[in-house]
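Written out below as structure tokens is the structure these notes cover.
In this chain, residues are counted from 1 in sequence order. Please read all numbers here as calculations on a predicted model, not as lab measurements.
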Amino acid sequence: MKRKAKKRRIWLGALIVLAALVLWTIWGNITVQTTVYHVHDSQLPEGFEGYRIAQISDLHNAEFGADNQKLLSILKKEQPDIIAMTGDLVDSNHTDIEIATTFARQAVEIAPCYYVTGNHEAWLGETYETLEKQLEACGVMVLRNQSVTLHKGSDTVQLMGIDDPDFAESGSGMFDLEMGIISEEIKRAEGGDGYRILLSHRPEVFSTYVDSDISLALCGHAHGGQFRLPFIGGLVAPNQGLFPQYDGGVYTQDGTTMIVSRGIGNSIIPVRFNNRPEVVIAVLHNL
């Protein structure tokens, strides 16, 4: 009898743990986290002290609330100066342009929106042209190897945006080729001197951003490593493989800071674990 009672307790404990993991996973997939990063750089013009950038990455046609009202309420609450959309706004496997444009149409009422492409936009083929035209019609500034000047009083910074390399390499996945393409795209996008913010989908080429003297790069693509393990981090990420180096968070090297968003939606793998969707808020500071 004692042995049977012990087995029942073990089974009950296992079921409780399993139920907790299931509930934790469900909660972690249907709620959105706001992650605030404070970026300090003495090169930032004083007029941009406290400048707030909201980053939306890897939406993949996901919806949180009707017409993404949960995301929009987060953006309204954070009162960003600009909203940066860093690629994969749609998913090439189940493309729904209406979800993307409905979100964009409301986002531009909160703050000026700037958008760069991701690999899924590159995989859309001719459909991408429809998406781009509709985003521009909504008031979104699409940056394709271009630079614009942001003003705050008499001070300025450069905001650069580059295409995902899959537009050029047709999805070859060759790392050296990818680095070369992005390096050339940055050169084409360069504007004036001073503090330079780069919007780019890809975090795995961080060394290229460092070599290009980018002040701040905002990236996505890694999906936080999809499954995040305690004390280890992300398990797998596109173009980085197992245990990716740049899965989410802040990375600094030689005066360049890169923020990698864990993103919002999913693509091939439909479920995240220990890896809530997130809206990133980057707050800039002059040291």
Side-chain angles (χ1 to χ4, degrees), residues 55-62 84-97 99-101 103-104 114-135 140 142-146 160-186 188-189 198-209 214 217-227 234-242 244-248 258-270 272 275 277-278 280:
Q55 182 187 8
I56 298 292
S57 195
D58 299 272
L59 189 61
H60 285 285
N61 287 140
M85 302 178 183
T86 50
D88 286 0
L89 195 60
V90 298
D91 193 287
S92 60
N93 298 309
H94 48 86
T95 306
D96 191 327
I97 291 178
I99 291 176
T101 54
F103 171 75
Y114 299 87
Y115 162 84
V116 294
T117 58
N119 54 296
H120 276 260
E121 281 87 355
W123 297 346
L124 290 179
E126 295 180 358
T127 303
Y128 171 72
E129 295 181 9
T130 301
L131 173 64
E132 181 175 309
K133 289 177 181 178
Q134 291 194 21
L135 288 175
V140 175
V142 178
L143 297 176
R144 304 195 66 183
N145 309 323
Q146 296 169 275
M160 305 160 59
I162 60 173
D163 265 347
D164 187 87
D166 273 8
F167 272 95
E169 61 174 299
S170 300
S172 70
M174 296 174 60
F175 183 71
D176 290 340
L177 178 58
E178 179 181 294
M179 290 182 67
I181 290 170
I182 287 180
S183 179
E184 289 301 314
E185 288 179 340
I186 290 174
R188 291 201 297 273
L198 175 69
L199 307 185
S200 174
H201 189 57
R202 306 286 186 124
E204 65 268 21
V205 292
F206 180 41
S207 61
T208 300
Y209 307 147
I214 298 300
L218 299 178
C219 305
H221 191 48
H223 290 211
Q226 200 70 39
F227 307 103
L235 180 62
V236 62
N239 299 94
Q240 295 189 69
L242 292 174
Q245 182 177 4
Y246 306 116
D247 57 354
M258 178 175 70
I259 295 176
V260 181
S261 168
R262 299 197 310 271
I264 296 171
N266 298 309
S267 183
I268 296 174
I269 304 174
R272 295 167 173 244
N275 178 25
E278 71 172 351
V280 166

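The two residues Gly225 and Pro244 come nearest to each other via the heavy atoms CA-CG, 4.4 Å. Closest of all the heavy-atom pairs between Ser92 and Leu124 is CA-CD2, 3.9 Å. Scanning both residues, Ala62 and Gly265, for their nearest heavy atoms gives CB-CA, 4.0 Å. Across all their heavy atoms, Asp247 and Gly234 have their closest contact at OD2-N, 2.7 Å. Contact record, Pro203 with Val260: CB-CG2, 3.6 Å, taken as the closest heavy-atom pair. A pairwise comparison of heavy atoms in Val140 and Ala104 identifies CG2-CB, 3.8 Å as the closest pair.
Summarising the geometry, atom CD1 belonging to Ile99 is positioned 10.0 Å from atom CG belonging to Leu89; distances are rounded to the nearest 0.5 Å. Here the straight-line distance linking atom CG of Leu199 with atom CD of Gln146 works out to 11.5 Å at 0.5 Å rounding. A distance of 6.0 Å separates OH in Tyr115 from CG in Leu135, rounded to the nearest 0.5 Å. Separation of atoms CZ (Arg202) and NE2 (His221) is listed at 4.0 Å; rounding is to 0.5 Å. From Asn61, atom CG reaches atom OG1 of Thr95 across 6.5 Å, with rounding to the nearest 0.5 Å. Here the straight-line distance linking atom CE of Met179 with atom CZ of Phe206 works out to 11.5 Å at 0.5 Å rounding.
Using a 4.5 Å cut-off on side-chain heavy atoms (C-beta onward), Tyr246 and Cys219 make no contact. Inter-residue side-chain proximity for Ser267 and Asn93 is flagged as met; some heavy-atom pair is nearer than 4.5 Å. Two residues are said to be in side-chain contact when any heavy atoms from C-beta on lie closer than 4.5 Å; Phe167 and Glu185 fail this criterion. Contact annotation: the side chain of Asn119 approaches that of Asp88 to within less than 4.5 Å [non-hydrogen atoms, C-beta and beyond]. Here the side chains of Gln226 and Arg272 are in contact, with some heavy-atom distance below 4.5 Å.
Donor-acceptor pairing under 3.5 Å is lacking for the side chains of Asp164 and Thr117. Residues Glu184 and Asn145 bring no donor and acceptor atom of their side chains to less than 3.5 Å of each other.
Between His120 and His60, the ring planes lie perpendicular to each other; the angle is over 60°, past the 30° to 60° tilted range.
Within a 6.0 Å sphere centred on CD1 of Ile268, heavy atoms belonging to other residues, nucleotides or ligands number 12 at most.
Checking side-chain atoms of Glu121 against main-chain N and O of Tyr128 turns up no donor-acceptor pair under 3.5 Å. Judged by distance alone, the side chain of Glu178 and the main-chain N or O of Asp166 form no donor-acceptor pair under 3.5 Å. Although no hydrogens or angles enter the test, the distance criterion places no donor-acceptor pair under 3.5 Å between the side chain of Glu278 and the main chain of Gly263. Glu132 contributes no side-chain N or O that, together with a main-chain N or O of Glu129, makes up a donor-acceptor pair within less than 3.5 Å. Proximity of a side-chain donor or acceptor of Gln240 to a complementary backbone N or O of Gln245 within less than 3.5 Å is detected. Here the side chain of Asn275 pairs no donor or acceptor atom with the backbone of Arg262 at under 3.5 angstrom.
Every residue was checked against the salt bridge (Lys or Arg N to Asp or Glu O under 4.0 Å) condition with Asp58, not counting sequence neighbours, and none meets it. When the salt bridge (Lys or Arg N to Asp or Glu O under 4.0 Å) test is applied to Asp91, no partner is found at least two apart in sequence or on another chain. Residues passing the salt bridge (Lys or Arg N to Asp or Glu O under 4.0 Å) test with Arg188: none are found, sequence neighbours excluded.
Exactly one of Leu218, Ile162, Ile214 qualifies for a side chain to side chain contact (heavy atoms under 4.5 Å, CB included) with Ser200. That residue is Ile162.
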